[in-house]
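Worksheet for the structure shown next.
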Amino acid sequence: MLRIDLMDDPFSVNKALEFCAASPHGSLHHARKLFDQIPQPNTFAYNTLIRAYANSPFPVPSLRLFSQMLYCNRAPNSYTYTFVLKACARLSAIGEGEQLHGFMIKSGFGSDAFSTNGLVSMYASCGRIELGRKLFDLSVEKDEVCWNSMLSGYADCGLLDQARRLFDEMPEKGTVSWNAMINGYVVIGDIGAARELFDRMPERNAESWNTLIAGYAKCGFVGMSRKLFDEMPEKNVVSWSAMITAYVQGGFPKEALDLYEEMKRVGMAPNWAAIVSVLSACSQLGALEQGVDVHAYAERNKMKVDSVIGTALIDMYAKCGCIDRALEIFDKLASKDVFSWTAMIGGLAVNGHGAKALELFSKMEEGGVRPNGVTFVGVLCACSHAGQVQLAMQYFHSMRRKYGIEPQIEHYGCMVDALGRAGLIQEAVSLVQASPGKADPELWVTLLGACWIHGNVNTGEYVLEHLVKVKPDDGGVYVLLSNIYATRGQWDDARRVRMQMKSKGLKKVRGHSSIEINGLVHEFYVGDKSHPKTVEIYQLLADIYCRLKLAGYVPNTNPVLFDIAEEDKENVVAYHSEKLAIAFGMISLDAQAAIRVVKNLRVCQDCHTVAKLISKLYNREIILRDRNVFHYFRDGSCSCKDYW
DNA sequence: CTAGGGTTAG
């Protein structure tokens, strides 16, 4: 902080202020403090701070500073207007923007190129593009920036044809114009048109490459993103974070983490955006240790925990089974927005704290934060976990009535699951039939899952009839129905369904589990004997079964289909891939180390029971991530509260 | 004036 005797020299103070405001991380606060100590800030000082706020995530103070400026008789200049207009644009504050426009005309600032550019952007961002165009046509001295403002204005409004017409008319197109046009196509998802322009443009800068990298990722072509990333001549920090994000959004969290490590190795310092994305990658993987490392990195580098990083942290800790850490971050978070609340509510719900999640939702409503559709996914999921079907129904109806949010397919999914689990199969069927676009196969699959839980053969058959029509290529559907028959001992029917499946050439996805030991991933399939430590693994499993059975454990062989001898069925279940991986973890890791296993399918009932018992009898922590949920086994119980 | 960000059922 500046010594007070220097405060008398406006020039030094302004330089210090400018330096402070321009620093990358969290210095806006210091700039503000410095500004507040200046006895009589001049126009330059105001402009510096107004600009800093206008470019920050929370531009509101720019508007307030502008009012304060007028009140203190400090004359705004065109620089001031540019950034106050930018703040209005960012906030879509059309009222303030129009007022400002009127004020500008009165004080003679309405028609120079600088002001025109700001006004065009402001009107475009506020959805009044036609007003922007009028000003654009009226302005006599149009520079390239002016054309570009108009161009990106059209692009922001999704009016790509008009943008393109302007682009083709432009007397001189600079790299920025090309980039703006390319970005416009990227936003509407026309990656082909974007690529065509990219190939045609005379000079490409990092932004051109980065735009396209992100563009391919948005369209699901992560491979193309990577190709460009490798080809581009000079990668900057945005290129790296864009590529990391591309991997995360494309569902390749492992690759995202690898790239993050490589980024650090080549000496590129990860910034805010990279941290946010890589935290999301850790969430997807359930990679707690890496997540903790990333968190520590952010702290070491004094990154401010704003609502975005805060949300990413909450989600990461929650998805890694550390619900207490997630709550701690949430409680400390100064600015909670709907994302942070939603992540926390959903996190509590999947960790089995349904009641606490609902409590938090009430607090959120009391705090005046408006929930969105995603929030309700968490809320309905929480009701399911808490066994509160009636409550779920109430929330489901309140979505539209109270908040005007139309329930989407995923909300129907939650409800079908909640009703189905509670045994209200008929109600669940009615809901599926009442859902928008009622042929959505996923809802029927959920329904079939409920039929399986309750051994409801009749509805199961009815549901499958629908499913084979809409989802004829999914082997999982047949497996579910044959499981239903099997639980009822209807082996002929079970076999018939299996035969049907086979005759159509459909296969069930093979389950496999993996465990990482010293950076090396070991993979196991059911009954796998290919691992070098196979003998030790099977010996340990035999020992485990001995102790478990003494403790009263009875194998649950429900998922094994065929009417083979009970003893043989036990053997199939006994060597499920997750059990092999857990046993391998037990012989490879220290007794205190948590055993982290990832499974590609849902964990079966028996493996779940066995994992709980191992955690108690062997005093080991087991963290098993399956296709849907995170299971955190400790002292004989699981974080999922036996709901998954 | 152009590039990178967080929450979504089974």
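A, B, ... follow the sequence lines: proteins, then strands. Residue 1 opens every chain.
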Give a yes/no on whether any side-chain N or O of A:Q408 is located under 4.0 angstrom from OP1 or OP2 of B:dA9.
no

Testing the 3.5 Å rule here: is there a donor-acceptor pair between the side chains of A:Y123 and A:R133?
no

Quick one: list whatever passes salt bridge (Lys or Arg N to Asp or Glu O under 4.0 Å) with A:K363, sequence neighbours left out.
none

Listed in order of residue number, which residues of residues 169-182 of chain A have a non-hydrogen atom at under 4.0 Å from DNA chain B?
A:V176, A:N179

Base, sugar-phosphate or nothing for A:K235? Non-hydrogen atoms, less than 4.0 Å.
nothing

Is A:S241 near enough to B:dA3 that one of its side-chain N or O atoms lies under 4.0 angstrom from OP1 or OP2?
no

Taking only residues two or more places apart in sequence, or in another chain, which ones meet A:S121 in a side chain to side chain contact (heavy atoms under 4.5 Å, CB included)?
A:S149

Taking only N and O in the side chain of A:K86, is any of them less than 4.0 Å away from OP1 or OP2 of B:dC1?
yes

Go through the structure and list residues passing side-chain hydrogen bond (donor to acceptor under 3.5 Å, both in side chains) with A:E169, not counting sequence neighbours.
none

Contact check, residues 114-122 of chain A vs DNA chain B, heavy-atom distance under 4.0 Å, returns A:S121

If you go through the side-chain atoms of A:N205, does one of them form a donor-acceptor pair with the base of B:dA3 closer than 3.5 Å?
no

Contacts satisfying salt bridge (Lys or Arg N to Asp or Glu O under 4.0 Å) that involve residues 308-317 of chain A (not counting sequence neighbours) are A:D315-A:K319

